[in-house]
Number of protein chains: 2
Amino acid sequence: MKMPTDQLTLTFAALADPTRRAILKKLTHGQKSVTDLAAPFRMSLPAISKHLKVLANAGLIERSREAQWRPCKLRAAPLKNASTWIEQYREFWEERLDRLDDYLKKLQSKEKDHDDPK
Amino acid sequence: MKMPTDQLTLTFAALADPTRRAILKKLTHGQKSVTDLAAPFRMSLPAISKHLKVLANAGLIERSREAQWRPCKLRAAPLKNASTWIEQYREFWEERLDRLDDYLKKLQSKEKDHDDPK
DNA sequence: CCTATATTTTACCAACAAGTTAATTAACTA
DNA sequence: TAGTTAATTAACTTGTTGGTAAAATATAGG
């Protein structure tokens with residue numbers, strides 16, 4: 001038995017590949033067939049098919065059937081949680097806390113200078 | 001020779017693991033030693049060490065030295081690009097375009113009813 | 001110098017990921 | 001029905017990931 005993989009992990013794993021990110025971007029311009037999506041890549045069709053399976057498994061695309069085509073459509077919903085998760089860290093990359101940290105470090109080294117001079 | 005992995009891929013790959021995400025969250029409360037970080041997990045120390053290497057390689061943590069400890073500090077900067085990338089899709093998960101799509105679909109099926117009745 | 005503590009490195013393994021080519025399925029078209 | 005187009009599945013290879021246990025390294029302290 002394999003531990004089921006949580007949604008956030010599936011989402012980030014799906015995004016951790018340039019080909020898959022490019023596919024998603026292409027899909028922002030509307031529904032596309034597999035060959036449409038495969039076109040810009042120098043990679044076999046089965047390889048693309050696999051990438052699409054990963055995206056579908058992460059809920060990032062939806063597949064349908066239209067004659068012999070299997071059009072893919074973007075489903076961005078899972079990105080919402082991914083975004084929320086990342087946004088928790090905004091205050092950190094905006095360095096508000098880095099400044100606090102620097103301040104504390106400065107204090108600490110001053111204390112050292114005064115209290116514990118080797 | 002291996003193709004160098006782009007930053008976005010490194011970032012998303014690092015986030016695609018619940019243990020690593022938990023480590024990052026813990027680091028929002030300040031600098032922590034490896035054993036501190038390992039504490040909540042039933043996983044060997046070398047395993048944690050590996051996760052830290054992945055995070056460091058993605059630039060998400062910074063490591064220093066303090067006596068026999070190797071404290072880790074959160075470096076959220078790479079999350080900024082990840083966030084920007086994901087935010088491109090906000091309009092999609094907010095379904096503004098889904099509504100447009102539904103509208104077009106409805107139009108199309110009406111046309112079919114009128115112009116192409118089997 | 002010896003020992004304890006903190007952490008990494010090494011060597012190994014099983015499972016998975018990303019790609020390939022060849023074969024197969026499915027649907028349209030003449 | 002045969003042929004064409006679209007896409008998937010199967011089988012295989014190669015490299016990576018996530019974990020382990022055991023050995024090695026680094027530092028502090030008696």
Novice: State whether a side-chain donor-acceptor pair under 3.5 Å links A:T84 with A:Q88.
Specialist: no
Novice: For B:D36 and for A:M43, find the nucleotide of DNA chain C with the closest heavy atom, then tell me which residue's nucleotide is more 5'.
Specialist: B:D36
Novice: With respect to the side chain of B:S44, which nucleotide from C:dT7, D:dT20, D:dT8 is positioned closest?
Specialist: D:dT20
Novice: Do the non-hydrogen side-chain atoms of B:E94 and A:K80 ever get within less than 4.5 Å of each other?
Specialist: no
Novice: Of the nucleotides D:dA7, D:dT9, D:dG19, which has the atom closest to the A:T35 side chain?
Specialist: D:dA7
Novice: Between C1' on D:dA6 and CD on A:Q31, what's the gap in Å once rounded to a whole number?
Specialist: 15 Å
Novice: Does C:dT7 have OP1 or OP2 sitting under 4.0 Å from an N or O in the side chain of B:R63?
Specialist: no
Novice: Output the rounded distance in Å from NZ (A:K50) to P (D:dT9).
Specialist: 11 Å
Novice: Could you check how far CZ of A:R65 sits from C1' of C:dT25, rounded to whole Å?
Specialist: 9 Å
Novice: Among A:L37, A:L60, A:T19, which residue meets the side chain to side chain contact (heavy atoms under 4.5 Å, CB included) test with A:L24?
Specialist: A:L60
Novice: Do A:D6 and A:T9 have a side chain donor and acceptor closer than 3.5 Å?
Specialist: yes
Novice: I want to verify a distance call: between C:dA6, C:dA27, D:dT8, whose nearest atom is closest to the B:Q68 side chain?
Specialist: C:dA6
Novice: Please give, in whole Å, the distance from C:dA18 C1' to A:L45 CG?
Specialist: 15 Å
Novice: Rounded to whole Å, how long is the line connecting atom CD1 of A:I48 with atom P of D:dT9?
Specialist: 15 Å
Novice: Could you say whether B:K53 or A:A16 is positioned toward the 5' end of DNA chain C, judged by the nucleotide with the nearest heavy atom to each?
Specialist: B:K53
Novice: Going by distance alone, is a donor N or O of one side chain under 3.5 Å from an acceptor N or O of the other, for B:S83 and B:E87?
Specialist: no
Novice: D:dG19 phosphate, OP1 or OP2: any side-chain N/O from B:H51 under 4.0 angstrom?
Specialist: yes
Novice: Contact class for A:A67 vs. all strands (heavy atom < 4.0 Å): base, sugar-phosphate, or nothing?
Specialist: sugar-phosphate
Novice: For B:R20 and D:dT16, give me the distance from atom CZ to atom C1', rounded to whole Å.
Specialist: 12 Å
Novice: Which is true for A:T19 with a 4.0 Å heavy-atom rule: it touches a base, it touches only sugar-phosphate, or it touches nothing?
Specialist: nothing
Novice: If I take atom CH2 in residue B:W69 and atom P in nucleotide D:dG29, what distance separates them, rounded to the nearest angstrom?
Specialist: 8 Å
Novice: Please state how far atom CD in A:E66 lies from atom P in C:dA27, giving the value in whole angstrom units.
Specialist: 13 Å
Novice: With DNA chain D as reference, determine whether B:A47 or A:K32 sits nearer its 5' end, using the nearest nucleotide of each.
Specialist: A:K32
